[in-house]
Amino acid sequence: MTAPRVEIDLGKIRVNARSLVRRLGVRGITVTGVTKGVCGHPDVARAMLDGGVVGLVDARIRNIVRMRMAGILCPISMIRAPMIGEMEDVIRYCDASYNSEMETIRKLGAAARKQGATQDVILMVEMGDMREGVMPEDLDDFAARVVETPGVTLKGIAANFGCMGNLTPTTSDMATLSRLADQVEGACGPFVAVVSGGGSANLAWALDKGPSGRVNNLRLGEAILLGIDPATGRAIDGLHTDAFAFFAEVIETRHKPAATGARDGQRPRSILAVGWQDTDANGLGFPHGVRFIGATSDHTVVDTSGFTAPVGSEMRIGLSYSALMRAMSAPDVAKAVVGKQSVDRVISNRAATPFLTVV
Ligand SMILES: *Cc1c(COP(=O)(O)O)cnc(C)c1O
């Protein structure tokens, strides 16, 4: 097979999604699958849907168009506030978008009306991550203006944690978000259907026993794809952490001094034919006996004193979320999928179980 490549085990992604959907479902919380980590790869998106996520979100319209072109019809939303130049596509391909600027929302509404459509808007609330979001004290007024804007419908509110800052949400943050939902309804009328409490960094709270209040949705990327809780960096109980594996080819193996000009202490070193152009080299998980030395645009140098790495062999490497994200969007990295469910089988399964509603 060609290297470098990412091998994707769809069965493990299905299991991870299903497990999180079930565990959060009993808490009244739905799961939206976040596909930005895999560049909107349609097979991965379908595996998430097979696992029971209620919809998908991505940060880039190109990834969303990719999923639509592959025939994915479920609700898909734009999770990054749309740019002015992409409004038409956001209306055409997305059911909703996450927003935090009135100017953008007005333009979205106008673009929607031009297409004879309306766009659902979810308002991002700033709760400490210090990335996007309306300040909580401004939310009521802001929401009232959204409600008055033609072409858009206020669908919900959402908070974000652990993206820019390393903040994990507290019980009190989530209680505040619930209260904000009540407050918005009081201030401007419409039912706030979606109260989205954050991403994978909020799982510890969501899976805990305390009341979930009005929080009824999480947007999960890393937890489904890698089985990791980004707040702790640890594996989540019962989830696969190896749904993705990166394979790189060894192009040189030789004993070299530990440092330039050093006479003693020669170490076996190997060079892999991947570099910063292909992935986040700092996010690679090497096999036992291999140690990362450094990387350049096209080479990654490792110490292989505890590992046999003949030239031409492949090394299997684990990926962090950012390494995965870059590898999945790199044109020179092949993507190989295992565990694809054939459409025929899905259809015949449905036919064989007429009393089961497949959602
Ligand atoms: C990336 C992102 C998520 C998903 O984050 P994970 O840590 O992958 O679960 C959720 N919400 C927003 C706004 C994001 O940008």
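Please read all numbers here as calculations on a predicted model, not as lab measurements. Ligands are counted one by one from 1 in listed order, and the atoms in each one are counted from 1 as well. Positions are given from 1 along the sequence.
No salt bridge links Glu88 with Lys107; every basic N to acidic carboxylate O contact stays at or beyond 4.0 Å.
When hydrophobic clusters are built by joining Ile, Leu, Val, Met, Phe, Trp and Tyr residues whose side-chain heavy atoms come closer than 4.5 Å, directly or via intermediates, Met67 is grouped together with Val65. No chain of hydrophobic side-chain contacts below 4.5 Å, direct or via other Ile, Leu, Val, Met, Phe, Trp or Tyr residues, connects Val34 to Val54. Cluster membership for Met48 and Val15, using ILVMFWY side-chain heavy atoms within less than 4.5 angstrom, is not shared. Two different hydrophobic clusters hold Val6 and Phe247 under the rule that ILVMFWY side chains link at heavy-atom gaps under 4.5 Å.
For Arg66 (side chain) and Ala70 (main-chain N/O), no donor-acceptor pair under 3.5 Å exists by modelled atom type.
Ordered by chain and residue number, the residues placing a heavy atom less than 4.0 Å from ligand 1 are Val34, Lys36, Ile79, Met124, Arg131, Glu132, Asn160, Gly199, Ser200, Arg219, Leu220, Gly221, Glu222, Tyr321.
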